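Quick caveat: nothing in here was measured; it's all calculated off a predicted structure. A note on names: the letters A, B, ... follow the listed sequences, proteins ahead of strands, and every chain is numbered from 1.
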Protein chains: 2
Amino acid sequence: MAEEMEIIDKIISDIHSGRYGANDKLPSENELADYFNVPRMTIRKVYERLQEMGYIYSRQGKGSYVKDRQMQIPLVLSGDESFSRKMIRLGHHFRSKNIFCEEIGYNKAIFHSLGAEETDRVFKIGRLRIVNNRPIALHISYVAKSVFDDIDLYGKEITSMFDYYQKKGFTEFESKSSVLKVLFPTKFLWEILECTSLIPLLVLETGCIDKKTGTVLEHTEIFYRSDCFNFVI
Amino acid sequence: MAEEMEIIDKIISDIHSGRYGANDKLPSENELADYFNVPRMTIRKVYERLQEMGYIYSRQGKGSYVKDRQMQIPLVLSGDESFSRKMIRLGHHFRSKNIFCEEIGYNKAIFHSLGAEETDRVFKIGRLRIVNNRPIALHISYVAKSVFDDIDLYGKEITSMFDYYQKKGFTEFESKSSVLKVLFPTKFLWEILECTSLIPLLVLETGCIDKKTGTVLEHTEIFYRSDCFNFVI
DNA sequence: TTTTTTCCACTTGGCAACAAGATATGCTTA
DNA sequence: TAAGCATATCTTGTTGCCAAGTGGAAAAAA
C-alpha cells in the first residue's frame with residue numbers, strides 16, 4: 001500500500017513538473033511493474049487511482065495517457081459580486097442552466113436557516129454553472145413558498161436568483177456567514193459536473209438576506225469542482 | 001465502475017445517517033457481493049476505497065468495521081487570532097510541534113512573495129498542529145535570513161512564530177490575501193498527519209506583514225485535514 | 001467435568017492466468 | 001505493385017483460485 005502511494009506521488013509530481021505533458025503516453029502496466037519490481041496489480045491500482053483523480057485516462061488495448069488539465073480560475077469567495085459577473089469580467093464564456101426545482105421534505109438545518117415553520121413548503125432550485133462549456137459548479141438555492149408564493153410555478157425557469165429577487169422588489173442584499181466543507185461527489189454530482197469520482201468538491205454554505213426588511217431570502221449551497229478554482233478569501 | 005460508485009454512495013450515506021454506527025461490523029465481502037449481485041472484486045474495491053477515505057477499516061480474517069469519525073472543529077479562516085488561541089478558546093487541548101527547519105532552494109513564487117533576491121537564503125519552518133492529541137494541520141512558514149539572521153540557528157526550536165516575531169520587536173501584523181486550494185496528501189503528509197491517502201487537504205496560502213515597516217515577515221502554507229474542520233469565512 | 005488442542009469454516013489479501021481490444025506486420029492474392 | 005486479410009503481439013480489463021489470518025466448535029486429553 002505504501003509502495004503504491006510512493007509511485008502515485010512520483011507520477012503526479014512528474015505530471016505537475018511537465019515530465020509528462022498532456023496526452024503523452026505513460027509506460028504500459030507491465031513496463032512500470034518491471035521498472036519498480038512490483039506485481040502488475042500494484043501498477044493497475046496506481047493507474048486506476050490516477051484515472052479517478054482525473055490525471056490520466058486508459059484505453060483497453062492502447063495504453064494510458066495524461067489528461068490535459070484545465071485552467072484554474074481564481075474565485076473570490078467573499079464579496080457581493082455575482083458568480084456570472086465574476087466569470088464574465090475574467091473573460092470567460094458563461095452560462096447557467098436550471099436543472100431542477102422541487103419541493104423538499106422537512107430538514108431542520110435548512111428550515112431553521114430560512115426561519116421557516118415545519119409546515120411551510122420549501123423548494124430547492126438547482127442551477128448548473130457552465131464556464132467555457134464546462135460545468136464547474138452546482139448552485140442550489142432553498143427558498144420558502146411563504147416568501148415567494150409563485151416559486152413552484154416559475155422555479156424551473158429561473159437561471160438567476162438575482163434577477164428573480166429584483167423582479168420581486170428586493171434590491172439590496174446581505175450574505176449570511178459562510179461555511180466551507182470539502183466532500184467527494186456522489187454519483188449524481190460527478191455525472192452532472194462531468195468529473196471523476198475523486199475530484200473533491202468544495203461546498204460553500206451560506207444564505208441571502210434582504211437588507212431593507214431583514215427577510216431571509218434563501219439558504220444556499222454551492223458545490224465547486226476543486227480542480228477548477230483557486231479560491232481567494 | 002458506475003455500479004461501484006452507487007454502492008459506495010449508499011454505504012457512505014448509511015454511515016452518515018447512523019444506519020451503521022462506530023465500530024459496527026459491515027457485511028462480509030461475499031455477503032455484499034451476493035446481495036448486490038456483483039463479483040466480489042467490486043465489493044473489494046468499494047471497501048478499499050472506503051478505507052482510504054477514512055470511513056472504515058478492515059482486518060484480515062475478521063471483517064470490515066466502521067471507523068468512529070472525529071469531531072469537526074469550526075475554524076474561522078479570516079481574522080487575526082492565532083490558531084492556538086482559537087483552539088484553546090474552543091476548549092480543545094492544543095500543542096504545536098516543530099518538525100523541521102531547513103533551507104530551501106530558489107523558488108520563484110515563494111521568493112517573490114517574500115520580496116527576496118535569488119541569492120538570498122530562505123528557510124522553511126514546519127510545525128505540526130496537534131489538537132486533542134491528533135495532528136490535524138501542518139503549518140509551514142517561509143522566512144528570509146535577510147530579515148531574521150538567526151533563523152538557521154534557532155529555527156528548529158520555534159513552535160510559535162508569533163512569539164518569535166515579538167521577541168524580534170514586531171508587534172502588529174497584517175495578513176496578505178489568502179488563496180485556498182484542495183489537494184491530496186503526499187505520502188509524507190498523510191504519514192505525519194496520521195490520515196489516509198484520500199483525505200483531501202485544504203491548503204491556505206497567505207503571508208504575514210509587519211504593520212509598521214511593511215516588511216514581509218513570512219510566506220505561509222497551512223495544510224488542514226479537511227475531515228477535521230468546518231471552515232468559516 | 002475441565003482444560004487443552006486440533007481442526008474447520010469464514011474472513012480479507014494477493015496473484016496469476018485468461019479475456020478482450022487495438023495495432024502493426026507479414027502473407028496472400030489480384 | 002497494391003490491396004486485403006490473417007495473425008502475432010502488445011495493450012488494458014476481468015475473473016477465479018489460493019494464501020493468510022481469525023475465531024469458534026469439536027475433539028482429545030487430563
Query - Tyr55(A) six-ring face occupied by Arg69(A) cation (under 6.0 Å, within 45°) - result: yes
Query raised in the report: Could Lys156(A) and Phe100(A) be counted as a cation-pi pair, given that NZ or CZ must be under 6.0 Å from the ring centre and within 45° of the axis?
Result: no
Please examine the side chains of [Y] and [X], heavy atoms only from C-beta on, and report whether any two atoms are closer than 4.5 Å.
| X | Y | answer |
| --- | --- | --- |
| Thr220(B) | His139(B) | yes |
| Leu114(A) | Tyr142(A) | yes |
| Ile151(B) | Arg121(B) | no |
| Ser28(A) | Glu31(A) | yes |
| Ile222(A) | Val203(A) | no |

Query raised in the report: What string of B, S and - do you get for nucleotides 20-25 of chain D 5' to 3' if you count protein non-hydrogen atoms under 4.0 Å?
Result: BBSS--
Query raised in the report: Taking the six-membered ring for Trp, are Tyr164(B) and Tyr154(B) ring centroids under 6.0 Å apart?
Result: no
Query raised in the report: So, do Tyr224(B) and Phe231(B) have ring centers that fall under 6.0 Å from each other?
Result: yes
Query - Check: Arg127(B)/Ser160(B) side-chain N/O donor and acceptor closer than 3.5 Å - result: no
Query raised in the report: Could you give the start and end, 5' to 3', of the contact zone on DNA chain C for chain A, using atoms under 4.0 Å from its heavy atoms?
Result: dC15(C) to dT23(C)
Report task. Can you tell me the distance, in whole Å, between the CD atom of Glu4(B) and the C1' atom of dG13(D)? Result -> 13 Å
Query raised in the report: For Lys25(B), does the NZ atom have more than 12 heavy-atom neighbours from other residues, nucleotides or ligands under 6.0 Å away?
Result: yes
Report summary line: Students should find that the end-to-end axis angle of the helix from dT1(C)-dA30(D) to dA30(C)-dT1(D), with five pairs defining each axis and rounding to 10 degrees, is 40°
Report task. State whether Ser58(A) places a side-chain N or O below 4.0 Å from either non-bridging phosphate oxygen (OP1 or OP2) of dT11(D). Result -> no
Query raised in the report: Parallel under 30°, tilted from 30 to 60°, perpendicular over 60°: which one fits the rings of Tyr106(B) and Phe111(B)?
Result: perpendicular
**Report entry** Ser175(B): side chain to side chain contact (heavy atoms under 4.5 Å, CB included) partners, not counting sequence neighbours
**Finding:** Thr206(B)
**Report entry** Atom pair CG (Leu50(A)) and CD1 (Ile7(A)), whose distance is rounded to the nearest 0.5 Å
**Finding:** 10.5 Å
Query - Asn23(B) side chain to Asp68(B) backbone, donor-acceptor under 3.5 Å - result: no
Query raised in the report: Among residues 27-38 of chain A, which contact DNA chain C at a heavy-atom distance under 4.0 Å?
Result: none
Requested in this report: Using a cut-off of strictly less than 4.0 Å between a heavy atom of the residue and any atom of DNA chain C, enumerate the qualifying residues of residues 40-51 of chain B by number.
Outcome: Arg40(B), Arg44(B)
